Amino acid sequence: MENFNINKDGFYGDFGGAFIPEMLQPNIDELQKNYLKITESTDFKKEFNKLLTDYVGRPTPLYFAKRLSNKYKTKIYLKREDLCHTGAHKINNTIGQIILAKKLGKKRIIAETGAGQHGVATATVCALMGIECVVYMGEIDISRQAPNVARMKMLGAKVRSATSGSRTLKDATNEAIRDWIANPIDTHYIIGSVVGPHPYPDMVARFQSVIGYETKKQLLEMEQTDKPTHVIACVGGGSNAAGLFYPFLNDLDVEIVCVEAAGKGVNSGESAATSILGTEGIIHGSKTLLMQTQDGQITEPYSISAGLDYPGIGPMHANLFKSNRGKFISIDDDDAMKWGLMLSQIEGIIPAIETSHAFAVLEKMDFNRDDIIIFNCSGRGDKDLDTYINYFKL
Amino acid sequence: MENFNINKDGFYGDFGGAFIPEMLQPNIDELQKNYLKITESTDFKKEFNKLLTDYVGRPTPLYFAKRLSNKYKTKIYLKREDLCHTGAHKINNTIGQIILAKKLGKKRIIAETGAGQHGVATATVCALMGIECVVYMGEIDISRQAPNVARMKMLGAKVRSATSGSRTLKDATNEAIRDWIANPIDTHYIIGSVVGPHPYPDMVARFQSVIGYETKKQLLEMEQTDKPTHVIACVGGGSNAAGLFYPFLNDLDVEIVCVEAAGKGVNSGESAATSILGTEGIIHGSKTLLMQTQDGQITEPYSISAGLDYPGIGPMHANLFKSNRGKFISIDDDDAMKWGLMLSQIEGIIPAIETSHAFAVLEKMDFNRDDIIIFNCSGRGDKDLDTYINYFKL
Amino acid sequence: MNRINQVFKNSKDILSIYFTSGFPKLDDTLEIIKELDNSNVQMIEIGLPFSDPLADGPTIQKSSEIALKNGMTTDLLFKQLNGLRAITDIPVVIMGYFNPILQYGFEKFCRRCKNVGIDGLIVPDLPVEIYQKDYIKITEKFGLNMMFLITPQTSNERIYKIDKFSNGFIYMVSSYSVTGAKNSFDEYQIDYFKRINKMKLSNPLLIGFGIGNNNTYKTACKYSSGAIIGSAFIKHIKRNGVKSTKDFISEITE
Amino acid sequence: MNRINQVFKNSKDILSIYFTSGFPKLDDTLEIIKELDNSNVQMIEIGLPFSDPLADGPTIQKSSEIALKNGMTTDLLFKQLNGLRAITDIPVVIMGYFNPILQYGFEKFCRRCKNVGIDGLIVPDLPVEIYQKDYIKITEKFGLNMMFLITPQTSNERIYKIDKFSNGFIYMVSSYSVTGAKNSFDEYQIDYFKRINKMKLSNPLLIGFGIGNNNTYKTACKYSSGAIIGSAFIKHIKRNGVKSTKDFISEITE
Ligand SMILES: Cc1ncc(COP(=O)(O)O)c(C=O)c1O
Ligand SMILES: Cc1ncc(COP(=O)(O)O)c(C=O)c1O
């Protein structure tokens, strides 16, 4: 049987690995050697679970969306990651990584951020632990995501502007990597999604897998089965999706649906639908699908949601796509915005625009009455209010 | 023994009652007659608890704040109401009231709001239930709390501007009451705090008491006692405080601390420290302490936090004050802001400015090593980012 | 016999006019009373302005706000009213929210009412039960009538109770609404008026809220002892000045 | 024998200069090579510009960005290099990130390198293990040398492995840093240079990163076979033009 988990070399099928400059080799080696030993230790698990419970607010509810279910004549559940401390699933990963960093004796944390959610989640765990924090953020994102910049500063983090390239997420990631190259000994780099060199994709997926495992347990109580028929999530880098899918990867009865941002339309030239527009290549140390020119220059994606606006997807997702294990659907800006408003008005939950993309599949796929559909409600929409306001002229 | 709960006539000591125009009598009668019957029914409790669990995200964690505890050499726990759906404790009450309203056959909901938290919480439960919602908000608050106005509109609520008087919370409340007078049959008025005519103060306190009961249970697990030495909360109208204090009201071993907003200083003329500046009187149908001229004209309070900027306190709190059961401390704008930043940087939690006031007592009171102090972390600071940004020039 | 009871005994189609003291000008109180007396209204209700008049519509809210801004206080009102009985013999009641009265001291308030020649009180947010428990002795001591409101929603049982503790008249609120003038009554309101009339209460009825023209006044008189007009009058003197009071009244009564 | 191995056999104090192809002008490639040849440098590294050069500092980043904006492509570079061996005999390597090479096709890339007279490759984000597994056969087929980097953090075990798979020289990165010129080396760096020298590797060493003046060049030569200069050269020609190459080189070597 095919296995959709990572193999011992750090690959998902053809994708993954660690294509990194020699300068990063010791850091990556250290992680590769230690990440499972540490994260599988009782000690780590205890601290991780305690913080997820007492600080993050886990388990997050599995909420049966009654009115939405009635409207679409099927059973729809929302996994409420929007209720996590700081407002999205991102903090599951940063909690895991900060404990790991402490155990590795690191004294300084760096991170990249696009929309600012991962930056806030990182700044938060650094404040919690009293560890210095530097967050790289594209110059353009700094100006368009002012509230999250303010949150990071409130939390005591330094926000450094990435002024190279397209001055957005991809360049912030480059800058973070450069910082790490310059500070290999005392610094840990907290990547924000299931991207980057091995072991990051696997490590982040494991930290996020709490989403899927909780879902199984909760579903068993609510539906007397721990198997949904569909698990659906938006994919930027892919961490919230990986977290929900994790326990179901090799269970072929469960349909996996990845929702990408089509931006202004897949063929508009302004899109982030990597599975359609991307080709195989290497980005940020990982072999995966990415948007690039024929010449291998990485191109700038576009989506109304800053969190989906990354030119690659994680290697796990590249493999889900290539193997046909996952269904990939792309949703454009207008549909996503419409669904953000819809979910707000039908269930009283204002989703992050990233998350809104996922819900739009309700009008792109057919479901049966008895289907049990789990949506990962990956984040809340507070950070996106300005965008919603301007879009709908509220 | 003195009883700090409500008596059968709807009074806490000298305070409470229902001083309402005859036009509201049928509505208030209906509530007085039914609220306990309905809310104590198994049916109601089941629905209430289910929504609190699956939708709001309860139980909220009781989080041991390690770094803060070390700094102040005592045991400090935070009851994490900031993790509730919509970002504050306010939704506990609106969930309760919307179920009650449905059971009373109401088809339309009205509410008042100041900072917008209660408005958002009300708009949310109305969207959840598919019930029409009108929120009254002072004209001035509408312009200074734009993001929450946008949230309410996203949720499908109508936001109506209160243009009379000082055009803030007190006037929004007047407008809501006028709407209720004009729509007595199909409309339920969801008050946002433990204020207003009986049975509102008791009803809201009961809905919020989940905070205190959860705390007891969680504390028992963590400290092998269900009795803290101190329970501390900010008091605007007093609902988050009432919710935390509820199970401890008659347990004199537990010290109750109410934190009011001193604004620019208790004697500055711009303050909301009702226990010091207020006198007995009637506001919004309830006999309580309120800020008023010698002539009985209600005056406009001031605080940097819109949620504490109400000229009265609930009758339960007026009684806690008069009887000396509760200790009252007032904290000015600057101290509150400082503590907002402090909590952000020491624990990674950006509190609502209302909530920040409560923490400032750590420098106003002395605590012992073995004390167990519960702070109600009533809400998150996302709504206050602009104020923090401008104040600290971040 | 109290002037209020007297007027109901002797007159029909009673017109009672409400105005907010301190509005439009701080010192207009006696002037307006004089004008009303000259216009042959049967009763006057003086509003004691309150910062939070939650049973009132925009017109009376605004007038209260201006009155307070002008400097109106309870004490000042009583000073102004020292000349009351030199200029009119018709019944005059004070309509005020409970909090300002409470702050003044209920008993002291009643004493001064008595001293200046006020005949009764309407306190919209003082429920009859609390009045009965804590205050009835005081009003009786000073010979002040107390009038309560009923609405289309008030139960029969409660109406009888209110009838029992009211003295003078019952203020029959015409509709589900705060104060403010309307052009006509609808059939539900008429049914309600009829229903109350059939109850044979011991107090006479006055209809208030939503009355502002000859039509609504006439209808009110048909189903009760008369009408109370507030918002429409305030709007009128705001636009046309206190001196135009007589024009307003004659337009209403024709 | 490959020109690279030759130069290390015959020369000492080797100066290898890096420049980004397509910068400052799209067609400067051969011009710069001619200038470098005239200036008597011993080796040239041609940078293939990449959108995301994550091991490079601001100077090389910026030059890559401009080169790409100018229209530089892999194909165009090879076209330009058709004239390479007509103008210089010194060893020339291409330094490029892995993704553009992969997209071009690794084998096709190597073939064209061979055809235009390129002697070797430096691919900073191609780890030696993957090279060993998937690509060594191809570079060997086309007689291209492969050079790998080591840093102060690289373990001895790994250095030996890198030494085994490198052919030509080992690129000794001077510090924890991305590219960019500095004024001097500190004692930790000197210790590191000494430590590596003691390892008696089979490949000669060139020190790179942070070299930009006579001082650092001299020190590098003391502890290795020579130095690689990139950022400092790019800054120089950006400011003074390609024609001033000789001035730069003589200032470095004095
Ligand atoms: C709410 C939310 N959902 C989804 C994403 C996309 O990231 P990922 O694909 O790693 O889950 C983001 C990124 O910022 C986010 O904030
Ligand atoms: C976070 C938060 N805390 C406290 C309050 C004050 O209200 P109460 O005193 O009813 O808890 C508010 C009111 O908006 C609030 O938003």
Side-chain angles (χ1 to χ4, degrees), chain A residues 9-11 16-30 112 162-167 169-187 196-198 279-288 290-300 311-312, chain D residues 48-58 60-62 64-65 67-68 71-77 96-105 109 122-130 133-134 148-155 157-159 162 170-173 175-180 209:
Chain A
D9 298 325
F11 280 82
F19 295 81
I20 47 162
E22 189 58 37
M23 297 80 110
L24 287 181
Q25 204 67 51
N27 312 34
I28 292 298
D29 266 357
E30 185 183 26
E112 86 295 341
T163 56
S164 64
S166 52
R167 292 170 293 145
L169 177 56
K170 149 178 111 56
D171 311 285
T173 310
N174 293 336
E175 279 305 319
I177 291 175
R178 287 177 191 126
D179 181 310
W180 209 20
I181 287 174
N183 300 282
I185 295 171
D186 67 339
T187 297
H198 177 64
T279 50
E280 293 181 22
I282 287 162
I283 181 171
H284 297 136
S286 179
K287 193 173 215 175
T288 187
L290 67 140
M291 289 167 58
Q292 52 184 330
T293 65
Q294 240 193 328
D295 232 38
Q297 307 299 341
I298 299 174
T299 54
E300 191 54 20
Chain D
L48 177 64
F50 181 45
S51 54
D52 295 77
L54 43 78
D56 287 300
I60 296 181
Q61 283 172 42
K62 194 76 201 162
S64 305
E65 210 179 312
L68 291 173
M72 199 64 207
T73 65
T74 312
D75 229 28
L76 181 59
L77 175 60
Y97 287 84
F98 193 36
N99 194 52
I101 298 175
L102 209 57
Q103 298 312 313
Y104 199 79
F109 190 88
I122 300 172
V123 184
D125 57 343
L126 175 61
V128 65
E129 292 80 3
I130 294 171
K133 193 165 143 281
D134 295 336
F148 289 94
L149 282 60
I150 64 170
T151 81
Q153 283 262 88
T154 313
S155 67
E157 186 191 359
R158 194 169 169 82
I159 291 176
I162 284 170
I170 285 176
Y171 193 139
M172 183 156 62
V173 173
S175 66
Y176 309 152
S177 157
V178 290
T179 58
F209 283 39

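Predicted model only: the values in this text are computed from it and were never measured. Labels below follow one simple rule: chain letters A, B, ... track the order of the sequence lines, proteins then strands, and each chain is numbered from 1.
Annotation: side chain of L68(D) is not in contact with side chain of D295(A) (no heavy-atom distance under 4.5 Å).
Of the atoms belonging to D179(A), not a single heavy atom falls under 4.5 Å from chain D. Within the 4.5 angstrom heavy-atom criterion, only side-chain atoms of F98(D), from C-beta onward, approach chain A. Neither the backbone nor the side chain of I283(A) comes within less than 4.5 Å of any heavy atom of chain D. Heavy-atom distances place the side chain of T279(A), and not its backbone, under 4.5 Å from chain D. Only the backbone of A18(A) comes within contact range of chain D, with at least one heavy atom under 4.5 Å from a heavy atom of that chain. Within the 4.5 angstrom heavy-atom criterion, atoms from both the backbone and the side chain of P184(A) approach chain D. Using a 4.5 Å cut-off between heavy atoms, Q153(D) contacts chain A through both its backbone and its side chain. Heavy atoms of E175(A) lying under 4.5 Å from chain D belong exclusively to its side chain.
Put simply, the side chain of D125(D) never gets that close to the backbone of G285(A): no donor and acceptor are under 3.5 Å apart. A donor-acceptor pair is defined here as one N or O able to donate and one able to accept, closer than 3.5 Å; such a pair exists between the side chain of Q103(D) and the backbone of E280(A). Without hydrogens or angle criteria, S51(D) side chain to I298(A) main chain gives a donor-acceptor distance under 3.5 Å.
Counting heavy-atom pairs under 4.5 Å between each of S64(D), P152(D), P124(D) and chain A puts P124(D) at the top. Note: P100(D) leads A55(D), P58(D), P100(D) in heavy-atom pairs under 4.5 Å with chain A. When each of P53(D), P49(D), S155(D) is checked for heavy-atom pairs under 4.5 Å with chain A, P53(D) comes out on top. Note: I130(D) leads I101(D), I130(D), L102(D), I150(D) in heavy-atom pairs under 4.5 Å with chain A.
If you run side-chain hydrogen bond (donor to acceptor under 3.5 Å, both in side chains) between D52(D) and each of K170(A), Q292(A), Q297(A), only K170(A) comes through.
Considering CG of D9(A) and NZ of K133(D), their distance stands at 7.0 Å, rounded to 0.5 Å.
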Begin with the C-alpha distance, continue with both residues' side-chain angles, and end with the deciding distance and a verdict on side-chain contact (heavy atoms from CB on, under 4.5 Å) for L149(D) and M23(A).
CA-CA 8 Å; L149(D) 282 60; M23(A) 297 80 110; 3.9 Å; yes
